[in-house]
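Report on the following structure.
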Amino acid sequence: MDIRKVKKLIEMMEESDISEIEVKEGDDSVRISRGGVVIPSRSTPVVDRGELKPAATPVIKGHVITAPMVGTFYRAPSPSSPSFVEIGDQIKEGDTLCIIESMKMMNHIKADQAGQVEAILVVNEDAVEFDQPLFTLI
Amino acid sequence: MDIRKVKKLIEMMEESDISEIEVKEGDDSVRISRGGVVIPSRSTPVVDRGELKPAATPVIKGHVITAPMVGTFYRAPSPSSPSFVEIGDQIKEGDTLCIIESMKMMNHIKADQAGQVEAILVVNEDAVEFDQPLFTLI
Amino acid sequence: MKRLFIANRGEIALRILRACKDLGIETVAAYTRADKHLLHLRWADRNVCVGRRSYLDGPQMIEAAQLSGCDAVHPGYGFLSENSEFARSVEDAGLTFVGPAPAHIAMMGEKVGARSALASAGLPILPGSDGIVETEAEALAWAREVGYPVMLKASHGGGGRGILLARGEETLVQAFRTISAQAELLFGCADIYLEKYLANARHIEIQVFGDGEGQTVHLGARECSIQRRHQKLLEEAPPFDIATGEVEALAASCCDALSQLEYRNAGTLEFLYADGAFYFLEMNTRIQVEHPVTECVTGIDLVKLQLAVADGVGLGLAQNDIRIQGHAIECRINAEDEYFVPSPGTVDSLQLPDGPGIRVDTHLYAGYSVPHQYDPLVAKVISHGVDRSEATVRMRRALEELDIRFLATNKALHQSILADKKFVSGSYGAGFIDDPVSP
Amino acid sequence: MKRLFIANRGEIALRILRACKDLGIETVAAYTRADKHLLHLRWADRNVCVGRRSYLDGPQMIEAAQLSGCDAVHPGYGFLSENSEFARSVEDAGLTFVGPAPAHIAMMGEKVGARSALASAGLPILPGSDGIVETEAEALAWAREVGYPVMLKASHGGGGRGILLARGEETLVQAFRTISAQAELLFGCADIYLEKYLANARHIEIQVFGDGEGQTVHLGARECSIQRRHQKLLEEAPPFDIATGEVEALAASCCDALSQLEYRNAGTLEFLYADGAFYFLEMNTRIQVEHPVTECVTGIDLVKLQLAVADGVGLGLAQNDIRIQGHAIECRINAEDEYFVPSPGTVDSLQLPDGPGIRVDTHLYAGYSVPHQYDPLVAKVISHGVDRSEATVRMRRALEELDIRFLATNKALHQSILADKKFVSGSYGAGFIDDPVSP
């Protein structure tokens with residue numbers, strides 16, 4: 001196996017949404033895979049080309065809380081306050097999960113069901129778009 | 001392994017909803033998979049080519065004799081002569097079946113195998129195009 | 001201008017994107033969840049989902065524009081394009097609004113005010129009530145003076161709604177009541193005005209561009225008489241059979257009026273034309289659906305010009321630089337059945353016309369599903385030729401080539417229009433398709 | 001002309017069909033068994049299969065044209081288009097040949113004769129042998145006189161074949177032998193002539209039209225310097241940076257020369273341009289692949305004009321009627337891989353560019369399989385703008401939109417050309433892609 005070919009394969013994987021490649025040539029074989037992270041493919045209309053979305057969207061399993069509006073995501077009511085929730089927290093329906101600031105208004109985003117916070121999908125102070133997944137609950 | 005082939009495979013996967021491809025050629029094999037999100041494919045356009053065909057194509061069962069050239073089809077050597085063949089006639093390989101007149105030349109079209117004339121598909125003095133079915137033999 | 005926010009969808013969003021590509025301006029495309037397969041999203045530098053279904057939420061559009069680092073917003077046509085509050089909010093947010101000053105949008109949106117403003121600036125106005133008609137009695141008195149039939153129009157109406165014809169006293173009273181109720185409901189304002197009705201008059205419009213500092217040029221006229229229920233179907237440029245001098249004189253009056261206002265960016269003044277005279281109807285303060293026919297005959301990219309003017313670069317051309325060459329026709333292809341009922345569906349395969357003198361502005365592609373929530377306009381086929389005859393035969397050829405499987409469209413209607421003797425001879429008015437004022 | 005026989009395939013067959021549609025002329029399309037899915041067959045009034053693979057069988061074409069009731073034959077470009085015997089047979093069969101008189105096709109097909117005919121009619125000719133060079137000694141003597149490098153050309157060559165460069169005596173002898181053998185094999189005639197070689201000269205061509213009775217007009221010039229191995233890749237109209245007066249003077253000489261000959265129908269005179277001087281190379285007696293750039297800048301449909309002239313209607317225009325407006329560029333999209341190897345295949349999905357200033361002449365559609373037997377040209381993308389800069393940015397946008405899945409094409413090569421500083425500044429010659437004469 002030519003190491004340059006392996007490099008090429010890795011580059012090709014990075015440019016695509018492929019999670020695993022296995023190549024065998026006679027007795028030689030190469031298998032390349034990457035973890036649970038799936039990068040949205042180029043053909044997905046939600047094209048990410050900048051700040052608005054994180055680089056990688058994890059594979060989502062739990063109940064998803066999405067952004068009901070375009071705005072700026074805040075995990076805490078103020079920079080000095082603790083976050084509303086952390087991964088692993090048990091939460092009740094109606095608990096505030098985050099704030100989205102939109103047109104100078106602070107909108108409290110609340111849990112629509114009880115559960116445990118499985119994942120927080122957006123970084124504090126990032127811009128979010130409508131329908132963007134914010135949290136998953138299990 | 002041809003790296004361009006692998007690249008092509010990945011491109012093809014990205015445009016489809018395939019989650020895994022495995023290709024084997026002798027001892028060589030390539031397997032490509034992706035986990036998680038599957039992008040729905042756009043349906044393959046169905047192009048109706050029916051309108052491109054000649055107006056009426058009979059359902060042909062027997063061995064087909066086609067026109068080797070564009071020209072005018074004659075069933076007999078002259079208007080007053082009997083036809084070369086009729087439906088039901090037993091013919092030998094090399095028998096003349098008709099004449100096609102093309103650029104003032106009279107071309108005798110001969111049977112390329114023995115058999116019985118099943119159908120005559122063109123009317124006397126009609127224009128025929130290249131490859132147009134003329135007779136079927138059974 | 002570095003990065004533009006496209007606050008629209010469909011073919012006009014793609015049209016704006018193409019102009020940005022040509023100018024090297026980055027684009028951020030707004031889309032709704034129902035619209036994530038829009039064609040132009042493939043080529044925008046970034047896409048932002050702004051809601052479930054609506055392109056009418058101004059504050060969300062502005063938020064998305066700001067968060068994505070845009071310095072300008074193009075509203076396209078329809079939706080927020082003639083919403084003066086939106087335009088003002090865009091400017092208040094420190095962004096450039098690609099369109100007229102908010103005050104001018106507001107002025108022209110209010111039809112009675114627009115009529116009187118442009119009448120006093122010297123434009124010919126259709127005989128009508130000098131402003132709002134408050135009561136039935138007032139309406140009857142006015143109609144008696146001018147003679148029937150008359151048109152009743154909601155002052156804030158538009159898009160073919162809020163218009164009724166009255167042929168006598170009885171129908172006038174009835175129409176007055178219907179339209180007051182309708183207008184209150186649809187436009188939040190019951191104000192009505194009246195106009196003399198001209199049977200089978202032609203609809204002619206003048207395309208203007210102002211630099212916002214008193215310079216205004218016109219890009220000639222368009223013929224828009226082929227309408228169904230006040231919705232344009234087929235447009236031409238230039239209008240046939242009207243002497244160039246007549247159009248020039250009218251267009252010059254338009255420019256004068258708008259120069260006085262220091263009007264900025266694109267605008268269209270709509271007129272009725274009957275018995276050799278023009279009568280102002282209303283002014284649209286945005287890019288029009290039918291702008292490509294003007295682009296074909298002038299060679300000027302109107303959307304690029306919009307962006308240049310918005311960017312403060314100015315018009316970059318004088319009236320003398322603008323020449324009308326040849327003739328152009330646009331057919332609006334709607335996804336609707338033979339009874340004009342919108343027919344959303346999925347495009348299985350698509351053959352678009354091309355070749356000399358043909359342009360198609362469309363967001364369709366094989367595999368695209370036309371959503372039911374929006375306007376049925378799916379493609380604009382535009383033909384251009386050295387004269388009206390060449391533009392017509394090219395359009396016929398283009399429609400023959402056009403094959404959208406399996407979407408119901410109004411292609412056959414366009415083909416019958418193009419085959420009609422009245423069309424070929426150029427002797428048609430607004431009654432070509434139907435009585436323009438039947439309910 | 002009532003019914004035309006289209007004796008060609010691919011995009012040019014579709015182009016001819018479109019012109020017929022615009023003129024109301026019926027069409028009969030020839031196709032081979034390998035070609036039964038050609039796009040234009042959908043719209044032709046009738047299709048006739050003429051053979052297994054070949055569009056070169058003149059007698060079969062004429063038979064098919066006659067049997068299908070045609071009164072005229074259009075040969076397109078390539079194949080039978082510059083075959084004077086075919087043209088003569090068409091006329092002998094009582095059909096109209098859409099092209100020049102057979103005698104003129106024959107005259108221009110024989111390069112040495114064409115050079116001397118046009119030199120004596122007053123056109124500037126590249127310093128070269130005054131006719132056929134019979135022996136190596138003669139070639140050496142001539143080269144010593146003019147100085148190296150020199151070009152050796154087969155008198156009946158064409159399409160980039162039968163040309164070699166010699167930089168010194170040794171290579172001249174070798175080239176002489178190679179090309180004699182090649183020319184005998186390829187063109188059935190070993191005749192060779194020599195020309196002075198101008199390094200990185202520009203290829204400029206003049207489009208002319210004659211009525212066959214002594215009136216000849218020109219439709220300006222095209223810049224065709226971007227070639228690979230003598231195959232044009234990208235063309236422009238008008239040529240940049242050459243004073244209009246210079247082009248006009250040259251074009252007027254061309255018209256004079258062809259008027260003397262009473263030349264009929266379309267023709268193209270190819271020139272080298274170096275150090276402010278033009279040198280005649282050869283004349284093509286047919287419609288060119290790159291004719292759309294001329295159509296864009298003149299607004300004249302060249303194929304319609306071909307049909308009108310063939311029909312005896314005459315040119316219908318004088319030199320004063322022809323105006324060059326704006327700038328146009330054509331990119332030839334070939335189905336070939338990055339190593340220029342033809343890559344036939346099936347088109348899975350297709351996104352063609354469109355919008356203002358873009359035209360695409362192509363016979364591709366989703367589901368079409370590009371056969372391996374024919375020329376790899378599958379699409380011509382043409383952009384038009386008010387100036388070279390606008391045409392260039394529109395072409396870049398068009399190529400970004402163009403998406404042919406999964407055919408290998410030379411799109412990336414065109415994109416790199418359009419991004420190249422030499423292209424942008426307009427300072428390039430025929431050496432832009434490669435040494436035009438390397439073997």
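Computed over heavy atoms, backbone and side chain alike; hydrogens, waters and symmetry mates excluded. Below, chain A is the first sequence line, B the second, and so on; all start at residue 1. Values in this document were obtained by computation on a predicted structure and should not be read as measured data.
For a residue to count as touching a neighbouring chain, one of its non-hydrogen atoms must lie under 4.5 Å from one of that chain's; by this rule D:V386 touches chain C with the side chain only. Contacts of D:K380 with chain C are absent, with no heavy-atom separation under 4.5 Å from either backbone or side chain. If you measure heavy-atom distances from D:P292 to chain C, you find no contacts under 4.5 Å at all. Heavy-atom distances place no part of C:L23 under 4.5 Å from chain D, backbone and side chain included. Both the backbone and the side chain of D:E401 have a heavy atom closer than 4.5 Å to some heavy atom of chain C. Only the side chain of D:Q351 comes within contact range of chain C, with heavy atoms under 4.5 Å apart.
Looking only at side-chain heavy atoms (C-beta outward), D:Q325 and C:R323 stay at 4.5 Å or farther from each other.
Within the model, atoms CZ of D:R18 and CD of C:E400 stand 11.0 Å from one another, a figure rounded to the nearest 0.5 Å.
A pairwise comparison of heavy atoms in D:D22 and C:V393 identifies O-CG2, 3.4 Å as the closest pair.
Partner of C:D354 under the side-chain contact (heavy atoms from CB on, under 4.5 Å) criterion, out of D:I382, D:I358, D:V360: D:V360 alone.
Among residue pairs with one or both ends in residues 292-302 of chain C, those qualifying as salt bridge (Lys or Arg N to Asp or Glu O under 4.0 Å) are C:R15-C:E295, C:R15-C:D301, C:E295-C:R359, C:D301-D:R394; sequence neighbours excluded.
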